[in-house]
Each structure stands twice: as C-alpha cells, then as structure tokens.
*Asks:* 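There's a structure below that I have some questions on.
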Amino acid sequence: MNREYPDYPIFAVGGIIFKGNQVLLIKRAEHPDKGKWTIPGGVVEVGERIQDALKREIFEETSLIVSVGRLVSLFEKIIKDPYGRIRFHYVIADYRCQVAGGKLNPGSDASDARFFNLEEVSKLNLTQGLMETIQKAI
C-alpha cells in the first residue's frame, strides 16, 4: 500500500490520552507533518480490528498500553502536492484512551512523546485540527 500518492484513502486511528489536566502528544518523525505535534496513532492494517490497531500504534509510538474508549472525531486529511495531485489522503478516527500500563518512551514514528498542560498545547506546532479534537475529547 502506497501511503504517498495512494490509489484510495487510507484508514487510520489516533488516541487522545489524558493524565489529569495534561494530554499526551508525540512529535512526528516522518511525513506527513514531520516535526509537528499530534496524538499517537497510525494506519489500520488489513485484517486488523480498529481498537487493536490503535493499541498497537500507541504502544509502538509511546510504549504505553491503553484501553480504548469512545470515538471523539472522524475526519479526512488530504494533502496535495504543488501540482494539485493528492500526495496523502487519510480518513482518521480518533478515540479517547486511558493508560493501562507501560512507561512513556518515544519510538517508531515519534521523535518525542510527552504530556503537556492544555495551555502549553496551544503554543506548539500542531497538526491541523488537533486543538479542536482535544477540546471535543474533554
């Protein structure tokens, strides 16, 4: 499956994880949105259940074990190249999650992972629509 210049939209998941008044964010190590802060998550693999994909992706990116809660948002991320061709097209389902175990440690597609106070989040270089998604999860 080509993630760049795909033949069809790619289904992905994200997890919104709170610890008190803080939210967990990862810094993307790869495109799209390399260098921006976002919630952990990734692509659902063929034959994989949505919740299993979310647990796997969060563990790969943060070393945390989570339980998956309610669906918070469903949106599309479409990024075009300078010629107007679709470079990336994701349909993303974001769920509220709770930490069930593990110790926070960035890995895989994350160059950093940490909990931020909500005031700090608004000052970060975030992926598009992330602040609105966090607000919905609250």
Side-chain angles (χ1 to χ4, degrees):
M1 161 178 52
N2 291 333
R3 292 188 184 188
E4 196 167 5
Y5 298 102
D7 294 326
Y8 49 86
I10 298 168
F11 188 68
V13 289
I16 306 156
I17 302 166
F18 292 100
K19 180 172 76 174
N21 67 341
Q22 297 181 316
V23 64
L24 176 64
L25 299 180
I26 62 148
K27 192 171 196 178
R28 292 205 37 89
E30 303 295 332
H31 288 293
D33 296 325
K34 182 177 181 178
K36 291 188 177 185
W37 290 93
T38 192
I39 56 176
V43 173
V44 177
E45 296 175 358
V46 173
E48 187 175 39
R49 294 189 179 277
I50 294 169
Q51 289 192 1
D52 293 337
L54 184 53
K55 290 175 183 179
R56 175 185 52 77
E57 286 287 349
I58 289 173
F59 184 77
E60 288 175 2
E61 293 182 349
T62 69
S63 298
L64 294 176
I65 299 164
V66 298
S67 60
V68 179
R70 68 177 173 89
L71 177 66
V72 173
S73 71
L74 182 66
F75 70 99
E76 287 184 290
K77 180 178 205 72
I78 301 172
I79 300 173
K80 295 181 180 181
D81 69 12
Y83 304 102
R85 297 177 299 168
I86 304 299
R87 184 172 175 200
F88 298 101
H89 186 172
Y90 291 95
V91 176
I92 306 169
D94 291 327
Y95 290 83
R96 185 158 176 165
C97 298
Q98 290 186 327
V99 175
K103 183 177 177 185
L104 183 59
N105 186 37
S108 169
D109 292 340
S111 63
D112 197 358
R114 60 179 113 144
F115 284 92
F116 290 95
N117 290 322
L118 296 179
E119 307 93 48
E120 295 173 303
V121 172
S122 63
K123 298 173 186 169
L124 297 172
N125 184 15
L126 304 173
T127 56
Q128 180 183 1
L130 181 59
M131 199 64 203
E132 293 83 3
T133 301
I134 293 169
Q135 292 297 330
K136 285 181 188 177
I138 294 171

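The structure displayed is predicted, hence computed values, not measured ones.
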*Asks:* Check whether any side-chain heavy atom of L130 lies under 4.5 Å from a side-chain heavy atom of L124, and answer yes or no.
*Replies:*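 The answer is no, as the side chains (C-beta and beyond) never meet within the 4.5 Å cut-off.
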*Asks:* Just one of L24, L25, N21 clears the side chain to side chain contact (heavy atoms under 4.5 Å, CB included) bar with F116, so which one?
*Replies:* L25
*Asks:* Okay, side chain of R96, backbone of A137: is any donor-acceptor separation there less than 3.5 Å?
*Replies:*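 The answer is yes, because a donor-acceptor pair under 3.5 Å joins these two groups.
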*Asks:* Just checking E48: does its CD atom have more than 12 heavy atoms from other residues, nucleotides or ligands closer to it than 6.0 angstrom?
*Replies:* yes
*Asks:* If you count the non-hydrogen atoms of other residues, nucleotides and ligands that lie under 6.0 Å from CG in N125, is the total more than 12?
*Replies:* yes
*Asks:* Could you state whether F59 and V68 fall into the same hydrophobic cluster, counting links through intermediate Ile, Leu, Val, Met, Phe, Trp or Tyr residues with side-chain heavy atoms under 4.5 angstrom apart?
*Replies:*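 Each belongs to a different hydrophobic cluster.
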*Asks:* Can you run down the side-chain hydrogen bond (donor to acceptor under 3.5 Å, both in side chains) pairs that involve residues 127-138, sequence neighbours left out, and say none if there aren't any?
*Replies:*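 Every side-chain hydrogen bond (donor to acceptor under 3.5 Å, both in side chains) pair that includes a residue of residues 127-138, provided the two are not neighbours, is T38-T127.
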*Asks:* Locate the shortest heavy-atom distance separating N2 from I10; write the atom from each residue and the value.
*Replies:*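 Nearest pair, atom of N2 first, then I10: O-CD1, 3.7 Å.
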*Asks:* One pair to check against side chain to side chain contact (heavy atoms under 4.5 Å, CB included): Y5 and R87. What are the steps and the verdict?
*Replies:* CA-CA 4 Å; Y5 298 102; R87 184 172 175 200; 4.0 Å; yes
*Asks:* Tell me, do I79 and Y90 make a side-chain contact under 4.5 Å, heavy atoms counted?
*Replies:*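 Sidechains of Y90 and I79: no contact.
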*Asks:* Same cluster or not: I39 versus V72, using hydrophobic residues (I, L, V, M, F, W, Y) connected whenever any side-chain heavy atoms lie under 4.5 Å apart?
*Replies:* yes
*Asks:* Specify the closest pair of heavy atoms between A113 and P106, including all atoms of both residues, with the distance to one decimal.
*Replies:*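 That would be N-CB, 3.8 Å.
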*Asks:* Determine, step by step, whether Y95 and R70 satisfy the side chain to side chain contact (heavy atoms under 4.5 Å, CB included) criterion, reporting the C-alpha distance in whole Å, the side-chain angles of both residues, the deciding distance to 0.1 Å, and the verdict.
*Replies:* CA-CA 6 Å; Y95 290 83; R70 68 177 173 89; over 6 Å; no
*Asks:* Can you measure from NZ (K27) to CZ (R114) and round to the nearest 0.5 angstrom?
*Replies:*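 Spacing of NZ (K27) from CZ (R114) equals 7.5 Å.
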*Asks:* Compare every heavy atom of A29 with every heavy atom of S111, then report the nearest pair and how far apart it is.
*Replies:* N-CB, 3.8 Å
*Asks:* Could you tell me the separation between the OG atom of S122 and the CE atom of M131, rounded to the nearest 0.5 Å?
*Replies:*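 It is 5.5 Å, given to the nearest 0.5 Å.
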*Asks:* Which residues satisfy the salt bridge (Lys or Arg N to Asp or Glu O under 4.0 Å) test with K55, sequence neighbours excluded?
*Replies:*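 Residues passing salt bridge (Lys or Arg N to Asp or Glu O under 4.0 Å) with K55: none at all.
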*Asks:* Check the hydrophobic clustering (I, L, V, M, F, W, Y; side-chain heavy atoms under 4.5 Å; chains of links allowed) and say if I134 and F75 are grouped together.
*Replies:* no
*Asks:* Taking all non-hydrogen atoms of both residues into account, name the closest pair between G15 and I58 and its distance.
*Replies:* CA-CD1, 3.9 Å
*Asks:* Could I get the full list of salt bridge (Lys or Arg N to Asp or Glu O under 4.0 Å) partners for E30, not counting sequence neighbours?
*Replies:*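 If we apply the salt bridge (Lys or Arg N to Asp or Glu O under 4.0 Å) test to E30, skipping adjacent residues, there are no hits.
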*Asks:* Indicate if V66 and F115 have the same hydrophobic cluster label, given that clusters are the connected sets of ILVMFWY residues with side-chain heavy-atom separations under 4.5 angstrom.
*Replies:* yes
*Asks:* Quick check: does any side chain N or O of E61 sit under 3.5 Å from a backbone N or O of G41, one acting as donor and the other as acceptor?
*Replies:* yes
*Asks:* Using the side chain to side chain contact (heavy atoms under 4.5 Å, CB included) rule, take W37 and V121 through it: C-alpha gap first, then chi angles, then the decisive distance, then the call.
*Replies:* CA-CA 9 Å; W37 290 93; V121 172; over 6 Å; no
*Asks:* Quick one: closest heavy-atom pair of T62 and P40, and the distance?
*Replies:*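 That closest heavy-atom pairing would be CG2-CB, 4.0 Å.
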*Asks:* Kindly compute the distance separating CD1 (I50) from CG (L54), expressed to the nearest 0.5 Å.
*Replies:*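 Here the interatomic distance stands at 9.5 Å.
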*Asks:* Within a reach of under 6.0 Å around CZ of R49, are more than 12 heavy atoms found that belong to other residues, nucleotides or ligands?
*Replies:*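 Incorrect, the count does not exceed 12.
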*Asks:* Roughly how far apart are I17 CD1 and L104 CG, rounded to 0.5 Å?
*Replies:*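 Answer for the CD1-CG pair, I17 versus L104, is 9.0 Å.
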*Asks:* Closest heavy-atom contact between I138 and F18?
*Replies:* CG1-CZ, 3.7 Å
*Asks:* Hydrophobic clustering (ILVMFWY, side-chain heavy atoms < 4.5 Å, transitive) - are L74 and V44 grouped together?
*Replies:* yes
*Asks:* Would you check if the side chain of N117 reaches a backbone N or O of E119 as a donor-acceptor pair within less than 3.5 Å?
*Replies:* no
